[in-house]
Amino acid sequence: MKSRIYIIGCGGTIAGRAGAADELLGYQAGEVSVAELIASVPALAEYASIAGEQYCNIDSSSMTEELLTGLSARIQAVADRDDVDGIVVTHGTDSMDETAYFLNLTVHTHKPIVIVGAMRPATAISADGPLNLLEAVRLAACPEAGDYGVLQLMNSSICAARYVEKTDTTHVHAFSDGQLGYVGFMQDGVPVFYQKPLRKHTYTSEWTCQAGKRLPAVWIIYCHIGMSEDLIEAALAAHVEGLVFCGFGHGNLPLYLKEGLEKALGQGVVVVRATRASGGIVSPVPQWPGVVGADNLSPQKARLLLQLILEKTHDPEAVQQYFQLY
Ligand SMILES: NC(=O)CC[C@H](N)C(=O)O
C-alpha cells in the first residue's frame, strides 16, 4: 500500500505568483492554493496517496504566534490519525527555521514531518517548488524519517529542525544545517541519511501545544556598537518574561548594559545570551551571573525554546539545563 501523506499548505514562495516567468523577486508569496500545488506535480501520486488542506496562505515573514501554535495543534491532530503516515508542510522560507523548531518541540509523533518551501515562485522558469514538493513527499513517505524529528528539505538537502538556518536571501541553495552538516540528502528521489540529531525532539519532547495557547512575551535585543541601554527599559515596560540578547562573539554584552540587566534579573526576567556570530556555542560565564547561555541555538530559536521553558520554570539554572537538552 502506498504511504498516505497529508500536505498542509501555509503559503510562501512555493505558493508564489509573479506576472512573468523571469520575475524572480517581484512576486506575491502565498497566492497559489495547496490544491493547485498538488495538482501541478502529478508524479506525487506515483509515490503516495495524497490528501491536504490549506492552513493559511501567507508570506512567512508575517507568521504570528497565534498561527504558529494553531499549526502545531493542527499537525498534532493530523499526526494522530490512523489514515495518515506522514505530513508535509509547505511554508515560506523566511521564518521556516522557527516554525520547524517549534514543531520539533511541540508535536508528539513518530511519523515523519517534513517542512518544505521554494526560492523561486511557482510561476518562474526553473521553479524549484515542484521538485522540492515531490522530494518532501518521498521523504515523508519513508517511516525512518520520523526518527529525526521534524525535517526541513529543499534543494535535495535534508536538515534537522534544530539546526536549520536560512543562509542565503534569494538563491536556491538557501539553507544549511549550521555547523553540524546535513542529516542527509535526496539521491534520485531516495533519502540517504548520515547522522541523527541527539537533542530531544517530537516524541521525546515534554511540550505539547493547544490551539490558542498564549506564549509569554520574550524579546530579542540585537547587540551592536552604539546600542542603547534604553532597549532593556523598553522591554521591561512591555512586561517581558524573557530577554534574548543577540550578543557579540561568545554572547558578549556591553558592560554598560550591566545596570539594566541587573534590574531585569531583579524583576525575575530570564535573560539568555546568544550570538550574532554565525556559529559556535554560547556557554554561561561568571561575568554574567544568572544569565543563561543559548548553547548553539540562533537567537530566534533560543527565544522559542525559552518561551516554552518559561511554562515550567523561571530559575536560570533550570533554564540552562533545558538549553543543554533541546
Ligand atoms: N522563498 C521564500 O519563501 C521567501 C518568500 C516569503 N518572504 C516567505 O517567506 O514566505
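Below, each value reflects all heavy atoms present in this structure, side chains not excepted, and no hydrogens, waters or symmetry copies. Both counts, for ligands and for their atoms, begin at 1 and track the order of listing.
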**Student:** Does the ring center of Tyr182 lie less than 6.0 Å from the ring center of Phe185?
**Tutor:** yes
**Student:** Rest of the hydrophobic cluster containing Val269 (Ile/Leu/Val/Met/Phe/Trp/Tyr, side-chain heavy atoms under 4.5 Å)?
**Tutor:** Trp219, Ile221, Met227, Leu231, Ile232, Leu236, Val240, Leu243, Phe245, Leu253, Leu255, Tyr256, Leu257, Leu261, Leu265, Val271, Val285, Trp288, Val291
**Student:** Using the benzene-type ring in the case of Trp, are the ring centres of Tyr148 and Phe193 under 6.0 Å apart?
**Tutor:** yes
**Student:** List the atom of His173, the atom of Asn155, and the distance in Å for their closest heavy-atom pair.
**Tutor:** ND1-ND2, 2.7 Å
**Student:** Taking the six-membered ring for Trp, are His201 and Tyr203 closer than 6.0 Å centroid to centroid?
**Tutor:** yes
**Student:** Between Arg120 and Asp128, is there a salt bridge with N-O shorter than 4.0 Å?
**Tutor:** no
**Student:** I'd like the residue list for ligand 1, meaning every protein residue with a non-hydrogen atom under 4.0 Å from the ligand.
**Tutor:** Gly12, Thr13, Tyr27, Asp59, Ser60, Gly92, Thr93, Asp94, Ala118, Met119
